[in-house]
Amino acid sequence: IIGITVKKGDNFSAWYQEVVQKAEMVEYYTEISGFFVMRPNTMYIWNTIRKWFNDRIEAAGVEECNFPMFLSSTSLQKEKDHVEGFAPELAWVTKAGEKDLEVPVAVRPTSEAVMYPYYSKWIRSHRDLPLKLNQWVSVVRWEAKQTVPFLRAREFMWQEGHTAFISEEQAGKEVLEILELYAGIYEQLLAVPVVRGKKTEAEKFAGGYYTTTVEGYIPSNGRGIQGATSHCLGQNFSKMFDITVEDPANKGQKIHVWQNSWGLSTRVIGVMVMIHGDDKGLVLPPRIAKTQAVLIPVGLTAKTTPEDKEKHLDRMYELLATLKKAGVRTEIDTREGYTPAWKFNDWEMKGVPVRLEFGPKDAAKDVVSFARRDTGEKGTIPIAELTTKVPELLETIQQDMYNKAEKTFREHRVKITNWDEVVPALDSKNVVIIPSCLVPACEDRIKELTRGEDLPEGPDGQKVPSMGMKSLCIPFEQPEGLVKGETKCLSPECDRLAEAFCMFGRSY
Ligand SMILES: O=C(C[C@H]1NCCC[C@H]1O)Cn1cnc2c(c1=O)CCCC2
Ligand SMILES: [Mg+2]
């Protein structure tokens, strides 16, 4: 059978792996596990994101760079305190040909240690600030856990921005501007709603000062997922790498610069697939769809004379040209030997937002029949109105997909002020927002306390995650009801006061 054989609700991870392969987005790189081939359907999405993001960061004065992909162990030593936690994930090159390298080099897992020695060299005076660079590269992290296309790979593409400022205020302002762009990529391009917030001390980037994040939600298993992070590094790295300027206020004094680093990876594509996909396969938000509409001839049978068929197809090529001129990324499927139904399945599996059917009956009425991929809704469009109605339909689909996902996330993001309701909420595929003291040790206990017993296969034959809940973020948008100095941390083992409402959930 063509099409997706596993139902999304029956086995979510098997469904996901089948969809990303059959929709021709990735291939598993079977030579080495944990690596994936990014195919044109993926690169179209990634490049759309890249154009959108680059336009906006360039307008904000960020310039592009490209640093070497290798780290020397000496420069790694400089950030040893926090990198030791990550050491197991470093991939090393120890030989060139037959010869051992004098000093082994590590493949970059991120580029702070590669870039900051040059920041130290370039930044001398406050007139060299702000320095704002971004690079689009791939990085390697030798994950020990099971890898998943887009979500957890040993090599992935991302952009990493690295900026330096004279003051904490300027850095803090940019952290939030970038975070808002990340939210825009999710909400405006991928039709995925995200919660903006700050990571707790336990979950932030250990080498930084604070981390802001956009957090997503996966309805199929009720898990939270980190979407992208924008960190203020404070002066931690400028002290490690000696990045200083003359204090303009008093000569002879040095100021360590204030830095940010921010990253968004191809994980965003996996999140989009998981949220919008269905049992027929991928469902693409029109703004990032390589093919937005596909024209499929119907009603041409053995009885159709060759000249009628040719006339009909000629007319379809005219429709194709008309739609392309109107800016609709359109394909036509005239493959011989495949039934219309087969073709419908194939393009549905690839997630094409709109199918346009055109048969002799449509031609006689000067209409085109359409079918929406997201809702299945069908209808007809007068040919004279194609150039306005199809773009409008695509925008409607984009908005409807976002609104549907936003409603689902909102309905599964529950504020809880009674501890006994927490695990039942998690088991009903919710993330929770609870009063929290924000203390790392308390979070650790909460993870233990909310570890579901190894639940048998869920009702839909799917393993319900029995992991404990992690903190996802402290939402910038705080619910009502926390009285400072009075409301207690919700954990039954903690008698500290609550500092804020914190979003927790089982997570990726
Ligand atoms: O990468 C970052 C911080 C920062 N790097 C630049 C982009 C934004 C942000 O992710 C944190 N981090 C995560 N994971 C790892 C490392 C690491 O520094 C270093 C070793 C391997 C694993
Ligand atoms: Mg990691």
Side-chain angles (χ1 to χ4, degrees), residues 34 49-50 53 57 62 64-73 75-93 104-119 131-145 147 151-164 171 174-179 181-183 185 198-215 225-234 236-238 240-241 243 258-268 470 473 508:
I49 290 168
R50 182 170 179 162
F53 189 65
I57 59 173
V62 178
E64 185 159 353
C65 61
N66 194 291
F67 278 76
M69 64 183 292
F70 294 109
L71 271 164
S72 74
S73 32
S75 62
L76 256 180
Q77 280 315 308
K78 285 214 184 89
E79 55 170 322
K80 69 181 176 314
D81 61 331
H82 92 273
V83 98
E84 70 206 322
F86 297 120
E89 295 183 3
L90 289 178
W92 291 91
V93 174
V105 293
V107 182
R108 67 184 163 212
T110 178
S111 300
E112 283 79 359
V114 177
M115 297 170 74
Y116 294 171
Y118 295 89
Y119 278 42
L131 176 63
K132 301 179 180 180
L133 297 179
N134 178 60
Q135 59 180 15
W136 294 86
V137 293
S138 67
V139 292
V140 171
R141 297 175 180 181
W142 215 266
E143 297 285 349
K145 289 186 193 173
T147 55
L151 301 176
R152 182 181 294 280
R154 287 180 158 171
E155 177 187 11
F156 56 86
M157 295 187 288
W158 75 351
Q159 56 65 223
E160 48 178 320
H162 296 267
T163 54
E174 191 215 42
V175 164
L176 295 176
E177 287 163 355
I178 294 295
L179 190 74
L181 291 182
Y182 287 163
I185 288 171
K198 193 175 163 191
K199 286 288 186 186
T200 62
E201 280 307 296
E203 289 299 325
K204 77 172 192 183
F205 167 32
Y209 177 31
Y210 60 84
T211 292
T212 67
T213 180
V214 285
E215 295 290 321
I225 185 162
Q226 180 177 297
T229 48
S230 178
H231 314 266
C232 180
L233 307 178
N236 299 355
F237 281 84
S238 57
M240 275 186 245
F241 288 89
I243 310 172
W258 290 82
Q259 290 177 271
N260 295 334
S261 86
W262 24 272
L264 175 132
S265 77
T266 40
R267 157 176 286 205
V268 305
K470 275 170 62 175
C473 75
Y508 278 83

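Whatever order the structure lists ligands and atoms in, that order sets their numbers, starting from 1. Values below: all heavy atoms of this structure, side chains included; hydrogens, waters and symmetry mates excluded.
Relative to atom 13 (C) of ligand 1, the option among H162, Q159, R141, H231 with the closest non-hydrogen atom is R141.
Heavy-atom proximity to P109, at under 4.0 Å, picks out these atoms of ligand 1: 19 (C), 20 (C), 21 (C). Of all atoms in ligand 1, numbered sequentially from 1 with element shown, those under 4.0 Å from a heavy atom of G263 are 7 (C), 8 (C). Short contacts between ligand 1 and E89, defined as distances under 4.0 Å to a heavy atom of the residue, involve ligand atoms 21 (C), 22 (C).
Taking a cutoff of 4.0 Å between a charged side-chain nitrogen and a carboxylate oxygen, R50 and E64 qualify as a salt bridge. Between K145 and E89, no side-chain nitrogen of the basic residue sits less than 4.0 Å from a carboxylate oxygen of the acidic one, so the salt-bridge criterion is not met. A salt bridge between R154 and E143 is absent, with no side-chain N of the basic residue lying under 4.0 Å from a carboxylate O of the acidic one.
Classification of the H231-F205 ring pair by plane angle, with boundaries at 30° and 60°, yields perpendicular.
Under the side-chain contact (heavy atoms from CB on, under 4.5 Å) criterion, S265 pairs with F156, W158, R267, not counting sequence neighbours.
Under 4.0 angstrom from ligand 1, the non-hydrogen atoms of W158 all belong to its side chain.
Distances between N or O atoms of T110 and those of ligand 1 include at least one value under 3.5 Å. Of the N or O atoms in E112, one or more lie within a sub-3.5 Å distance of an N or O in ligand 1.
Annotation: cation-pi geometry satisfied between K198 and Y210 (NZ/CZ under 6.0 angstrom from ring centroid, within 45° of ring axis).
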